[in-house]
Peer 1: 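Following this message is one structure expressed as structure tokens.
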Amino acid sequence: MFDALVALLSGNPLLLLFVITGIGHLAGRLRFGSFSLGASGILFVGLAFGALHPEFRLPSIVYEFGLVLFVYMLGLSAGPSFFSSFRRRGLRATAIVTGSLASALGIALIVSRSLGLPGPVAAGTFVGALTSTPALAAALEFISAHASGGELESVRALPVVGYSLSYPVGVLGVMLAMHWAARLLRADVRAEAKALAGVRQPIINADVEVTEESVFGRAISELFPKGGTRVVVSRLLRGQRQMTVDGSVTLLRGDVVTLVGPEPDVNAAAARLGKPSGLHPHLDRSQIDVGRFILSNKKIAGRRIRDLDLRRRYGATISRIRRGDVDIVPTADLVLELGDQVRVVAPSDRLDAVGEFLGDSYRTLGTIDIISISLGIALGLLVGTLSIPLPGGFNFQLGFAGGPLLVALVLGYLGRTGNILWVLPYNVNVTLRELGLLLFLAGIGTQAGNALTGAVALIGWRVVAAAAVLALTYSLGTLVVGYKILKIPMPILYGLLAGIQTQSVAVAYANERAGNDQANIPYAMAYPTAVVLKILLVQVLLNLLGPFALVG
């Protein structure tokens, strides 16, 4: 029976792939308290199949293609936030991410040498304790470039073994560090989260009558300057006439304006303008109506809201945008993306024309621009072949993990180049990213599984010990320094640490401790920078541990 199963699965790689991914997905959904393996369940099932029989092995092209697809889609989605993190608002977050991961590298060096871990195992332990799949791929490619052909297969399995043993330790270690740091520093996380309640609030509408003399005759652009507010004036009622407005419109006594934005900002703006109105123009659809449209027109995706000139074309104003699961208050410089749900305020007879202009087609969104994806990935693979010198005589390549990621970050930031639209609709990006990840995890798991049993018996306890020390030490250090020295509130630090860890379980735990979702913002700020730095640092680690003596 077993021989027949081996013959069936080994002779049908596609069947083997879908068996592993199906079982792995079910395993990843199992919860142990607040912990679950998630997508990494596929890796562990792949390892189990590979350990069960050497013929249970998926071709290398499976994990290579999956990895390239995963990191490219990740880069496209993270590009805008990655580069904005280097601006003034995110500079401190970037510095914390860099310092934290640099300390993790130092700890990994000390622990690996103290426990006598071979270079490839130490690299796998490092990226597993930091739960970074792209960095694991970078380590594998680095080893492939340095190990000889005869030993390549056995050596390349070692980082995967280290990763598989240290990954659960990394997830649990960061959550324990969050718990212990709050107790050690006597931080009331929930109280701090309530004090920071204005960091992120649901978007609301408010109708306000203009009664304050100080704003009479002043332009909306003066009262709500670019970059100085998160409030949009979506419409104005003057006498019996409703109208949409732009920054040039001046306010008069008795005007009723509809404000849209986060609740604290709207309340503050309303107090400056006047008092709540007994009229509710935003509920009156006779002159001005509201429409919700899906942006599917590729000719305007990747462009700023100001470039659309909706006010002149249609007398329309964009009052809010929903991107993925997040509501955004629009600004004139906000770049629109395919799949954005755009809420538009416009004259009732012009609303249909606005919808046609934006596209509003789910079917169009389902199509994939093969030309832009192929060009982007090809360019990334070419960049990945470049050898980059580092101080100290080291050289590293971004490889087929880092090259596509770096190029995708740039292209995601640019949005479009001429007629080429680089970014994809949010739902398409997420789907392709998850497909790439499961292909990578299933493929690399089956290739490394054959070496798992022997490696665990030889070095298993040392890997677990190293991962525990690394995860707890760098996490606690980041939280203590951030809280005591940099005076950052603990809920924000939790989000930063989860982003540094690039771990969704950690940010979910952080939100649970805080009682809200404030950790999501610093998590998103730290995540893309951490991904890139880990790809670089794991190669530095392998260089420092001796890339030509990989198993000694």
Side-chain angles (χ1 to χ4, degrees), residues 40 43-44 46-47 50-51 54 57 60 63-64 67 104-170 390 394-402 440-441 443-471 534-552:
S40 291
L43 172 64
F44 287 97
L47 285 167
R57 176 190 296 269
S60 297
Y63 83 81
E64 291 173 354
L67 175 66
L105 175 66
I107 295 168
L109 276 170
I110 295 171
V111 173
S112 299
R113 285 175 171 165
S114 299
L115 294 176
L117 293 179
V121 177
T125 303
F126 175 71
V127 298
L130 299 177
T131 61
S132 176
T133 302
L136 171 64
L140 293 172
E141 190 168 4
F142 183 93
I143 288 170
S144 298
H146 290 87
S148 62
E151 65 178 355
L152 175 59
E153 182 177 328
S154 60
V155 173
R156 195 167 58 183
L158 295 178
V160 182
V161 173
Y163 178 91
S164 63
L165 292 174
S166 59
Y167 181 94
V169 179
L390 292 176
F394 300 138
N395 289 279
F396 85 103
Q397 288 182 320
L398 290 170
F400 65 82
F440 170 74
L441 293 175
I444 201 62
T446 59
Q447 296 226 350
N450 195 38
L452 179 64
T453 305
V456 169
L458 183 64
I459 58 172
W461 72 268
R462 287 184 284 167
V463 169
V464 172
V469 171
L470 172 58
K534 289 177 191 179
I535 288 174
L536 171 62
L537 292 178
V538 72
Q539 296 180 69
V540 174
L541 177 64
L542 282 166
N543 263 308
L544 293 173
L545 290 175
F548 299 106
L550 292 168
V551 292

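Along the sequence shown, residues carry numbers from 1.
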Peer 1: Considering all heavy atoms of both residues, which atom of Val538 and which atom of Ala135 are nearest to each other, and what is their separation?
Peer 2: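 Where Val538 meets Ala135 most closely, the heavy atoms are CG1-O, 3.6 Å.
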Peer 1: Going by side-chain contact (heavy atoms from CB on, under 4.5 Å), name the residues that satisfy it together with Leu537, two or more places apart in sequence or in a different chain.
Peer 2: Leu101, Leu105, Phe126
Peer 1: Applying side-chain contact (heavy atoms from CB on, under 4.5 Å), name anything that partners Ser60, two or more places apart in sequence or on another chain.
Peer 2: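 Ser60 satisfies side-chain contact (heavy atoms from CB on, under 4.5 Å) with Tyr63, Glu64, Arg156, Gln447 once adjacent residues are dropped.
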Peer 1: If every non-hydrogen atom of Ala465 is compared with every non-hydrogen atom of Leu115, which pair is closest and at what distance?
Peer 2: CB-CD1, 4.3 Å
Peer 1: Of all heavy-atom pairs between Gly124 and Ser166, which one has the smallest distance, and what is that distance?
Peer 2: O-OG, 3.6 Å
Peer 1: Go through the structure and list residues passing side-chain contact (heavy atoms from CB on, under 4.5 Å) with Ala122, not counting sequence neighbours.
Peer 2: Ser112, Leu117, Leu545
Peer 1: Going from CG on Leu140 to CZ on Phe440, what distance comes out if it is rounded to the nearest 0.5 angstrom?
Peer 2: 6.0 Å
Peer 1: Going by side-chain contact (heavy atoms from CB on, under 4.5 Å), name the residues that satisfy it together with Thr131, two or more places apart in sequence or in a different chain.
Peer 2: Tyr167, Val171, Gln501, Thr502, Gln503
Peer 1: Could you tell me if the side chain of Leu470 sits less than 4.5 Å from the side chain of Val111, heavy atoms only?
Peer 2: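 No - every pair of side-chain heavy atoms lies 4.5 Å or more apart.
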Peer 1: Any idea which heavy atoms bring Ala123 and Leu541 closest together, and the distance?
Peer 2: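 Nearest pair, atom of Ala123 first, then Leu541: CA-CD2, 3.9 Å.
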